[in-house]
Amino acid sequence: MAQLGKIPATVITGFLGAGKTTMIRNMLENAGGKRIALIINEFGDLGVDREVINGCGISGCAEDDVVELANGCICCTVADDFLPTIKGLIDRDTPPDHIVIETSGLALPKPLVKAFNWPEIRSRVTVDGVVAVLDGAALRDGLFAHDHHAVQAQREADDNLDHESPLEELFEEQLHCADMVVLNKTDLLSEAEIAKVEADVRAELKRPSVKIIATAHSKVENAVLLGLGAAAEDDLDSRPSHHDDGHEHDHDDFESFVVSLDNVEDAAALEKRLIDVVRQFDVLRIKGFLDIPGKPMRQVVQGVGERFQRYFDRPWAATEKRRSELVVIGLHGLDRNAIEAAIKAS
Ligand SMILES: Nc1nc2c(ncn2[C@@H]2O[C@H](COP(=O)(O)OP(=O)(O)OP(=O)(O)O)[C@@H](O)[C@H]2O)c(=O)[nH]1
């Protein structure tokens with residue numbers, strides 16, 4: 001077998017908030033002794049995903065098995081960031097059994113898969129599979145299908161601009177590169193909606209062999225996710241991309257910033273303001289941590305579109321500064337001042 005002796009690597013792709021980190025937490029919790037190293041890349045300067053993974057206290061999940069690539073989107077920094085990181089992992093005295101890479105929700109997976117053909121790693125690592133996690137509720141609501149904001153209407157009106165929305169393009173990039181599709185958040189969909197979304201996704205796939213798994217809370221068994229044996233780096237041609245012609249890719253369609261707050265007395269009221277912000281502005285994702293006075297634990301805030309979740313994940317460490325910080329991610333042109341003012345208004 002050509003892949004014999006190579007370390008398998010699984011690439012997890014999927015739009016902002018689709019459920020990638022949740023999937024990886026499940027995976028680590030059920031690793032069953034398999035040594036999984038994790039490379040995490042996210043859009044925005046707060047490193048929430050790594051924190052969420054480290055905060056979960058999974059036994060056997062050593063801190064140095066989780067590497068964060070924080071300098072921009074992984075697909076644009078492969079040579080500078082990704083290659084040295086993966087080399088570092090495979091050169092360890094005890095290399096991992098499996099490498100899992102969580103790409104940022106705005107990353108194109110294909111340039112990353114391509115990087116596995118670099119001579120230094122090609123002989124030692126193979127892309128076992130590209131897994132695309134899809135937000136079933138966002139698909140049902142048409143987030144990736146047509147223009148949902150005025151910004152898009154302007155783009156449509158200008159003949160010089162690419163007519164496809166950045167969300168639609170990303171969706172296609174991620175889906176067309178996938179060896180397995182996880183249709184997530186089915187708890188928010190009716191049976192009929194699941195069937196409709198699944199059929200839409202199936203129609204968009206370029207390779208009929210790709211399986212679609214419908215699930216909630218990103219629950220898929222490791223035996224299903226890992227060990228696909230796809231050797232995706234050898235099979236790039238069947239994964240079409242908008243950028244195959246060398247067309248430049250950047251993330252100018254999106255932007256993010258961090259909002260720092262004082263401690264938060266009334267988290268429910270803050271959540272209401274955050275939902276208003278999502279409704280008023282082109283905000284796609286808000287996530288971060290809150291310092292709630294009198295509480296020994298830090299509170300995690302997760303917002304995907306208008307859907308918010310809050311939970312306490314771990315005690316603040318004695319050595320760390322309690323802080324309240326949120327990363328706001330949205331379409332380019334966010335009115336940062338207005339958004340900050342709206343979040344801070346009380
Ligand atoms: N209702 C529901 N919520 C879900 C499901 N899966 C994940 N979530 C929630 O969706 C939010 C985002 O989940 P994450 O796993 O952080 O998503 P992600 O893809 O890693 O997000 P980014 O890294 O920011 O792109 C969290 O609040 C999750 O608890 C699901 O199946 N159903």
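Keep in mind that what you see is a predicted model, and the values were worked out from it rather than measured. Counting starts at 1 for both ligands and their atoms, following the listed order.
A salt bridge is absent between D291 and R323; no separation between the charged side-chain nitrogens and carboxylate oxygens falls under 4.0 Å. A salt bridge links R207 with D179: at least one charged nitrogen is closer than 4.0 Å to a carboxylate oxygen. Electrostatic pairing of R140 and D200 does not count as a salt bridge here, judged by no charged N lying under 4.0 Å from a carboxylate O. A salt bridge does not link E173 with K110: none of the charged nitrogens is closer than 4.0 Å to a carboxylate oxygen. Ionic pairing of R202 and E198 is not present here: no N-O contact between side-chain nitrogen and carboxylate oxygen is shorter than 4.0 angstrom. At a threshold of 4.0 Å, the pair D128-K6 does not count as salt-bridged, since none of the basic side-chain nitrogens sits closer than that to a carboxylate oxygen.
Aromatic pair F116/F82: ring centres closer than 6.0 Å. If you look at F144 and F15, their ring centroids are closer than 6.0 Å.
Here the CG atom belonging to L188 is positioned 7.0 Å from the NZ atom belonging to K185, to the nearest 0.5 angstrom. The distance from the CZ atom of R322 to the NZ atom of K295 is 10.5 Å, given to the nearest 0.5 Å.
The residue R307 has no part lying near ligand 1, judged by heavy-atom distances below 4.0 Å. Contacts between V133 and ligand 1, counted as non-hydrogen atom pairs separated by less than 4.0 Å, are absent for every part of the residue. At a heavy-atom cutoff of 4.0 Å, ligand 1 is contacted by the side chain of Q309 but not by its backbone.
The shell of residues lying under 4.0 angstrom from ligand 1, judged by heavy atoms, excludes M23. Judged by the shortest distance from any of its heavy atoms, A216 lies inside the 4.0 Å radius around the atoms of ligand 1.
The closest protein non-hydrogen atom to atom 6 (N) of ligand 1 is N184 ND2, 3.1 Å. The protein heavy-atom contact nearest to atom 17 (O) of ligand 1 is G19 N, 3.1 Å. Closest protein heavy atom to atom 31 (O) of ligand 1: H217 N, 2.4 Å. Of the protein's heavy atoms, K20 N, 3.4 Å lies nearest to atom 18 (P) of ligand 1. When hydrogens are left out, the protein atom nearest atom 7 (C) of ligand 1 is T22 OG1, 3.7 Å; that is the closest non-hydrogen contact. Among all non-hydrogen protein atoms, the one lying nearest atom 23 (O) of ligand 1 is D49 OD2, 2.8 Å. With hydrogens left out, the protein atom closest to atom 16 (O) of ligand 1 is R285 NH2, 3.3 Å, a heavy atom. The single protein non-hydrogen atom nearest to atom 8 (N) of ligand 1 is K185 CE, 3.9 Å, given as residue, atom name and distance.
Checking only distances, V304 never comes within under 3.5 Å of ligand 1, N or O to N or O. Note: an N/O pair closer than 3.5 Å links T21 and ligand 1 by distance alone. An N or O contact shorter than 3.5 Å links G17 to ligand 1 by distance.
Linking ILVMFWY residues whenever their side-chain heavy atoms come closer than 4.5 Å, directly or via other members, leaves F171 and V304 in distinct clusters.
Listed here is the closest heavy atom pair of E233 and N117: O-ND2, 2.9 Å.
Considering each of D187, L183, L16, T103, the one bringing a non-hydrogen atom nearest atom 32 (N) of ligand 1 is D187.
For ligand 1, the atoms lying closer than 4.0 Å to a non-hydrogen atom of L188 are 1 (N). The atoms of ligand 1 that sit less than 4.0 Å from any heavy atom of K287 are 22 (P), 23 (O), 24 (O). Ligand-side atoms of ligand 1 in range of E102: 20 (O), 23 (O), range being under 4.0 angstrom from any heavy atom.
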